[in-house]
Every structure is written in C-alpha cells, then in structure tokens.
Amino acid sequence: MKKWLFILPILFSVNTFAQPLSLKDCIDAALSNKADIQAVRTETLIAALQSRELTAKYLPQVSLAYEYRFNPIIPSQIIPVGEFSPIPTDETRAIQFGTVWQQNAGISVYQPLIDASVKTRIEESRINERIKNADLDIAAEELMYEVVRTYAAIYLQQILVENAIVDTTRTFRTWQLVNARYEEGKVLKTELNNARLNHHNTLSRLHQVNSEKVKEQIYLSFLTGLPLSGVLSSVYDFSPLENADLLSETQTSISESLPSLKQLNYRAELAQYQMKAEKKKYIPTVGIQGFLGANQFSDRFSPFQRDTWFGNSYIGLSVKIPVLISENTPNRVSQLATQAEGLRYQIQEQKNQENENILQLSEDIRYLYTQIKFSEENVSLLKENIQLLQERLQEGQITAYDLNSQELDLQRETGNLNQQKAERLNKTIEKAKSAGILNQWVNSL
C-alpha cells in the first residue's frame, strides 16, 4: 500500500482549479505580455504616425520671420546713370542703398498644389506600414505557434500521466499477485523480482512524465507571462486539441494570407512603386506662395521710429522644374527592377517550399493515422492478455514469467502509441502553420 504514497501527489496535481485555462486564454496572454511582440507593435505604430506626418505636408506651410540688422558698411550698387541723360552715355556711378539699421518682419505662406516627391513618400510610407504590420503578423504567428505547441505538449503529457497511473496500478496488482504466489512457494524469486522491476519501471515512468509536464508548464508560464503557480494548478480545456485533426484535414496548399508571403508581396510592391517614383522626379513642383510683412530703415538705433516702416507683400504661383538631378535615375530604376524580380522569385520559391512541406506533412499524418490504429489495437489486445494472465496466475495455471513478459510488451507498445499520437498532433499543428491557417483556427476558438 505504501506504493500509493508516490502516486497520490501526482493524482492531486492533475486537477485542483475549477476554472479551466484555455488555449485561447494562453495565446491572448502571450500576445499581450510578450516583450518582443510589444516591440514590433511599437514599430507599426511609428510607421502609422510617419504616414500621418507625411500627409500633413499637403497642408499650408506658414512661417514667421523677424530680423534686426546692423550694417556697418552699406552695400553699393553700380548704377548706369548715363542711361538717364538726354543723350545716353556709358557713365556709371556707385550708389549706396539702405541704412545703417534695418528690420524685417513678416509671415510667409506656401500651399503645395503638385508635389510628386510628397505623394511618393506618402505611398512608400503606407507600403512600409503594411510591411511592419506583416512583421507583427509574423512575430505573432511564431509566438502563437510556440504557445499552441507547448499547450499541446502539456496535453500529451497529461495523457501520459493518466496512462502511467493506470500502468502503475496494473503492475502493482501484478506484483501483489506474484508476491502472493511466491509466499505460497509456487513461483521463483527471479519471477518476483521481475514483477517488482516492472512495477518500478512504471512508477519511474509516472514521475518522469509528470516532471516533463511541469517543465512544459514552466515554459508556458514564460511564454504567456501568467503566474507559474496558476499555470501549475489550473485544469486545462484540451477540447480544441482533441479535435485538432480537423485543423488541416483538407488544406493541401499554401494560403495567400500566410504572413511571410504577404510581407514578400509588400516588399515587391514597394520596389515597383519606387521604380515609378524615380521616373517622377522630373515632374514640376507647383504651389502658391505669399508673403505679408514690413521693413524698417533707420540711420540710428530706433526700433519704433515713426515713418520708417514700409509694407511689403506678394502672392503668386511658384513652379519648379527639375532639369538636372545629381542622381543616376536610370541606374536606380535598373536596381529596383532587379530587386523586384528577385522578390518575385523568392515569393514563388517560398510557395513551392511550403506546398511541398504541406504535402509531406499530409502524407506523414496519413501514415501515422494507420499506425495508430494498429498500435491501439495491439495495446487493447495486450491489456486483455494481461488481465487473463493475471486471472490464470491467481489460479496457478501459468508461471509469472509469461505475465512479466506481457507487461514489458505492453509498456513498449504503449510508449510507441503515445509517441505516434504526439508526432501526429505536432505535424498537424505544423501543417496548419505552413498552410497559413493557424491564426484562423485560433481565432475560431
């Protein structure tokens, strides 16, 4: 009976909290608390703000200007005074214009009407914003996949714990039966030792799988930011994983919503747009420009001297036509065209790789389905055999050797079955990620 003292703590560790911890709760907590996700989310926010900032370039640009200038040497201008004579001559004279003190104050306004550079930067910023959002989707999907994989590992370890408890109970009963027969002098000491070894093996396996489960729970706490005590003591809602076989049952090709594929498409779109932008650099810039202000001229320092201020204003159309640009536009366009072509090859290659991976995983899953059916039937037959052999041993019809041998066979077959189930579930989750439908499945929970 003392053997149960090793099992009871594990039994009580299986179910303690009434409120289940669902897979959706874990994913939401991970996306909310993980620092690297928050960092990428910050980058997407910055990209959105940059787009808004560039959009504001089309608003009127207003500036105020003021200066108070002292001119120790008043500049001179050469005036062709001979042109003003009744008989024009070539006579010129240097004449000083201005005063020693001068103030300028006013407000200038510029309203862009046509500016291809601003429009180009806005469009590029919006595409970069979509690229950053794709980065966030990639990071979120990787974190989501890791949480699902860990949650599935806890689910599988929970099954192993429950199976190990059943195995330990069965081998303990076998050991009791063999011990009773040994005390009657009807079995050998080696047979009793083998029965006890089998029981110790299952008991050791029970503690091992429970320890593996705890380690997966520790990792889940790290991923989600949830308190470890709550993760260890909570019950889990494993129903989504029990139906996970439907997750990618019919999905045999890559989805266009795959985040990494979307990111490559956005980068190719950006390269295409940058090519167009390079060709627009020679488009004229058109805007309305105006000024309203006044100037003061004085031969002595007197900022508020009357009758020395003179108004100044204008409004007009400003047109700038680029003629020569230092950049080599054809070379830049050629570079961008090569980049866009390379990205198209990357997109096609990723599609081919993911589709090939999906087909491989589909075949693996199909094969594992077949093997699991055989293994389940084998385990069922071995359990039936052991039950019959236990009854026959109790009646003295067989030796303990046959029963011990069947116990070992059952342990090996059960381990094989559990490994196949774990592999099938992991490949199903991996297939959903490769196909780009993991996020859809999680959102449907």
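Not measured: the values here are computed from a predicted model.
- The main-chain N or O of H200 is never found under 3.5 Å from a side-chain atom of S204 such that the two would form a donor-acceptor pair.
- Residues Q111 and P60 share a closest heavy-atom pair of OE1-CG, 2.9 Å.
- Side-chain contact between I347 and N265 is present, with heavy atoms from C-beta onward closer than 4.5 Å.
- Not one N or O on the side chain of D25 forms a donor-acceptor pair closer than 3.5 Å with the backbone of L21.
- Remark: side-chain polar atoms of N295 are not paired, donor with acceptor, to backbone N or O of N104 under 3.5 angstrom.
- If you check the side chains of E407 and N198, you find no donor sitting under 3.5 Å from an acceptor.
- Judged purely by atom type and a 3.5 angstrom limit, N355 uses its side chain to pair as donor or acceptor with the backbone of K351.
- No side-chain donor from either of T202 and Q411 sits under 3.5 Å from a side-chain acceptor of the other.
- Side chain to side chain, Q350 and S260 meet the donor-acceptor criterion of an N or O pair below 3.5 Å.
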Residues R149, E430; criterion salt bridge (charged side-chain N to carboxylate O under 4.0 Å, His left out); working and verdict: CA-CA 9 Å; R149 190 208 62 78; E430 184 182 352; over 6 Å; no
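- A distance of 11.0 Å separates CG in L389 from CG in L177, rounded to the nearest 0.5 Å.
- With sequence neighbours excluded, the residues forming a salt bridge (Lys or Arg N to Asp or Glu O under 4.0 Å) with E184 are R181, K186, listed by chain and number.
- Within the 3.5 Å criterion, the main-chain N or O of Q360 finds no donor-acceptor partner in the side chain of E363.
- Evaluated for a side-chain contact (heavy atoms from CB on, under 4.5 Å) with S362, the options D364, I365, I358 yield exactly one hit, I358.
- With no hydrogens or angles considered, no side-chain donor-acceptor pair links Q102 and Y68 at under 3.5 Å.
- Judged purely by atom type and a 3.5 angstrom limit, S375 uses its side chain to pair as donor or acceptor with the backbone of Q371.
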Would you please test L410 and R170 for side-chain contact (heavy atoms from CB on, under 4.5 Å) and show each step? CA-CA 11 Å; L410 178 59; R170 186 189 61 255; 3.1 Å; yes
Do S108 and Q289 pass the side-chain hydrogen bond (donor to acceptor under 3.5 Å, both in side chains) test, and can you show the C-alpha distance, the side-chain angles, and the key distance before you say yes or no? CA-CA 8 Å; S108 61; Q289 191 169 3; over 6 Å; no
Applying side-chain contact (heavy atoms from CB on, under 4.5 Å) to L270 and I131, what does each step give before you reach the verdict? CA-CA 9 Å; L270 178 61; I131 292 175; 4.1 Å; yes
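- At least one donor-acceptor pair closer than 3.5 Å links the side chain of T428 to the backbone N or O of R424.
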side-chain contact (heavy atoms from CB on, under 4.5 Å) between K373 and T370: does it pass, once the steps are laid out? CA-CA 5 Å; K373 289 181 180 179; T370 303; 5.9 Å; no
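- A heavy-atom distance below 4.5 Å is found between the side chains of L220 and I154.
- Checked by atom type and distance alone, the side chain of N416 never pairs as donor or acceptor with a backbone atom of R412 at under 3.5 Å.
- By the 4.5 Å heavy-atom criterion applied to side chains, Q420 and Y367 are not counted as neighbours.
- With S32 contributing its side chain and A29 its backbone, the two residues share no donor-acceptor pair below 3.5 Å.
- In terms of heavy-atom proximity, L382 sits nearest to D409 at CD1-O, 3.7 Å.
- Side-chain contact, E341 with Y345: a donor N or O sits under 3.5 Å from an acceptor N or O.
- No side-chain donor from either of E124 and N128 sits under 3.5 Å from a side-chain acceptor of the other.
- Side-chain contact check for P227 versus V231: every heavy-atom pair is 4.5 Å or farther apart.
- Between R173 and Q390, some side-chain heavy-atom pair lies under the 4.5 Å cut-off.
- There is a side-chain donor-acceptor pair under 3.5 Å between E349 and Q353.
- For the 3.5 Å distance criterion, the side chains of E216 and T150 fail to qualify, holding no donor opposite an acceptor.
- For the residue pair E423 and Q419, no side-chain donor N or O sits within less than 3.5 Å of a side-chain acceptor on the partner.
- With E269 as the fixed residue, the salt bridge (charged side-chain N to carboxylate O under 4.0 Å, His left out) test singles out one of R344, R130, K262: R130.
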Kindly indicate, with the supporting measurements, whether the criterion side-chain hydrogen bond (donor to acceptor under 3.5 Å, both in side chains) is fulfilled by E212 and Q208. CA-CA 6 Å; E212 293 295 330; Q208 177 190 358; 5.1 Å; no
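- In summary, the side chains of Y151 and Q217 do not present any donor paired with an acceptor at a separation below 3.5 Å, with no hydrogens or angles considered.
- Distance check, rounded to the nearest 0.5 Å: CG of L292 to CG of N312 gives 8.5 Å.
- Under the 4.5 Å side-chain criterion, counting only non-hydrogen atoms from C-beta, S318 is in contact with Y110.
- Between L425 and Y155, some side-chain heavy-atom pair lies under the 4.5 Å cut-off.
- Between H199 and W175, the two ring planes are parallel [angle under 30°; tilted spans 30° to 60°].
- For the 3.5 Å distance criterion, the side chains of S434 and N357 qualify, holding a donor opposite an acceptor.
- In this structure, E376 pairs ionically with K421, as a charged nitrogen and a carboxylate oxygen lie closer than 4.0 Å.
- Panel note: side chain Y182, backbone N193; no donor-acceptor pair is recorded below 3.5 Å.
- Between L23 and V148, some side-chain heavy-atom pair lies under the 4.5 Å cut-off.
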Review item, side-chain donor-acceptor pairs of residues 132-142, under 3.5 Å, at least two apart:
residue : atom : partner : partner atom : Å
N133    : ND2  : E129    : O            : 3.3
D135    : OD1  : Q263    : NE2          : 2.2
E142    : OE2  : K433    : NZ           : 3.2

Run T224 and N33 through side-chain contact (heavy atoms from CB on, under 4.5 Å) and show every step you take. CA-CA 7 Å; T224 61; N33 300 326; 5.7 Å; no
